[in-house]
2 protein chains.
Amino acid sequence: MSALPAQDVEALQGQLNAYMERKGLRSTNQRRLVSEVFFRADGHLSIDEMLALVREQDAKVGYATVYRTMKLLVECGLANERQFDDTVTRFEVAHADSHHDHLICLECKRIIEFEDEEIERLQARAAERHGFKLVSHKLELYGQCAECRGQK
Amino acid sequence: MSALPAQDVEALQGQLNAYMERKGLRSTNQRRLVSEVFFRADGHLSIDEMLALVREQDAKVGYATVYRTMKLLVECGLANERQFDDTVTRFEVAHADSHHDHLICLECKRIIEFEDEEIERLQARAAERHGFKLVSHKLELYGQCAECRGQK
DNA sequence: TTCTATGCAAACCATTTGCATCCAT
DNA sequence: ATGGATGCAAATGGTTTGCATAGAA
């Protein structure tokens, strides 16, 4: 799993703090822990995975707090909620600049992000063809990753 | 919502019956009702929507039977399960021939199917670029449909 | 008759919420 | 001190399952 450089994590924490201050929300240790774990991993974590990491620092943190903190991060635009083919909801860091899609390995469950401008363009065209004004999209490619194919 | 021609519905019922016979499963009135409602609508129905339609014919049918029948239809390849942005699972008739993607109107929730060979080709290329062997994909475009745009 | 399918209610599981308490401000 | 945040447990909502009974074969 990828890991975000420390200065990026700090920048994101800064954005979160700014948002909380603007909204009159309180900066608690739990919020700091959850968001740090989330930003650092830069992966596609589930609530359970984040809670496990948070509890390494503070064993008394509850599920509800992680749910509530992630909801806050989604609200302020720093996290996106994603549902892949399993039952759990996963969260990813919302990189403000560019949209990306996902390649998901059916064997090892690895999730890789990619971008393809050409596909984006064709999507816009397809939407137009049906009279739609395109707002957002979701593209997931499922298959076997290079490593899992190699191991056979 | 679209509606499938009667002869297509019959063909699908035939496939289901063949499957049940092959597997030694029983042809019950409930299975007939649920599959008929599902095939006829040819839309993207939720369990609740199907149960409501089924109960117009037989008020005593239970939720579990609809769930179990749809599971059966997925197993025999006549239905696909889909999760769009809401919480409910929806089912669509699996047309054996070709893959399709979805345009979803954020306002009226209408779901339109479309195909785009060029996009498919680019998806395969993107997967390849990352060393993936592509198995399946999911593409959903969200926006406002022609009618909802017109109404403003 | 035999054994699968059904209906009901209870069980499940992820997520949300109510409430007393805690703690950042 | 005040009111938002937390932790716990209970509630919720979609889906699944156990079990006694109904009904295909």
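Keep in mind the model is a prediction, meaning the values are calculated, not measured.
- For the pair B:Asp116 and A:Arg129, the salt-bridge criterion is met [side-chain N within less than 4.0 Å of a carboxylate O].
- Protein chain B contacts DNA chain D over a range whose 5' and 3' limits, counting nucleotides with an atom under 4.0 angstrom from a non-hydrogen atom, are D:dG14 to D:dA25.
- Ion pairing between B:Glu107 and B:Arg149 fails under the 4.0 Å rule for side-chain N and carboxylate O.
- The side chain to side chain contact (heavy atoms under 4.5 Å, CB included) search around A:Lys71 returns A:Glu75, not counting sequence neighbours.
- Salt-bridge annotation for B:Glu36 and B:Arg32: absent, with no side-chain N of the basic residue lying under 4.0 Å from a carboxylate O of the acidic one.
- Distance B:Leu51 CG to C:dT6 P: 13 Å, rounded to the nearest Å.
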Give the table of side-chain donor-acceptor pairs shorter than 3.5 Å for residues 3-18 of chain A, with sequence neighbours excluded, one pair per line with atom names and distance.
residue	atom	partner	partner atom	Å
A:Gln13	OE1	A:Ser35	OG	3.1
A:Asn17	ND2	A:Gln13	O	3.3

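- By the rule that hydrophobic residues join a cluster once side-chain heavy atoms approach within less than 4.5 Å of another member, B:Val135 and B:Leu139 end up as members of separate clusters.
- Residues A:Thr87 and B:Asp58 each lie close to DNA chain C; by heavy-atom proximity, the contact nearer the 5' end of the strand is made by B:Asp58.
- A heavy-atom distance below 4.0 Å to DNA chain C is reached by these residues of residues 22-40 of chain A, ordered by number: A:Arg26, A:Ser27.
- Atom CD of A:Glu49 is separated from atom C1' of C:dA14 by 14 Å (rounded to the nearest Å).
- Between A:Phe91 and A:Phe38, the angle of the ring planes goes over 60°, which puts this pair in the perpendicular group of the 30/60° scheme.
- With sequence neighbours excluded, the residues forming a side chain to side chain contact (heavy atoms under 4.5 Å, CB included) with A:Phe84 are A:His44, A:Arg82, A:Asp86, A:Arg90, A:His102, A:Ile104, A:Ile111, A:Glu140, A:Tyr142, listed by chain and number.
- The aromatic ring centroids of B:His99 and B:His137 lie less than 6.0 Å from each other.
- Salt-bridge formation is not detected for the pair B:Glu128/B:Arg125: no Lys NZ or Arg NE/NH1/NH2 atom is positioned less than 4.0 Å from an Asp or Glu carboxylate oxygen.
- Residues from residues 69-82 of chain A with heavy atoms under 4.0 angstrom of DNA chain D: there are none.
- Following rounding to the nearest Å, B:Glu21 (CD) and C:dA5 (C1') show an atom-to-atom distance of 17 Å.
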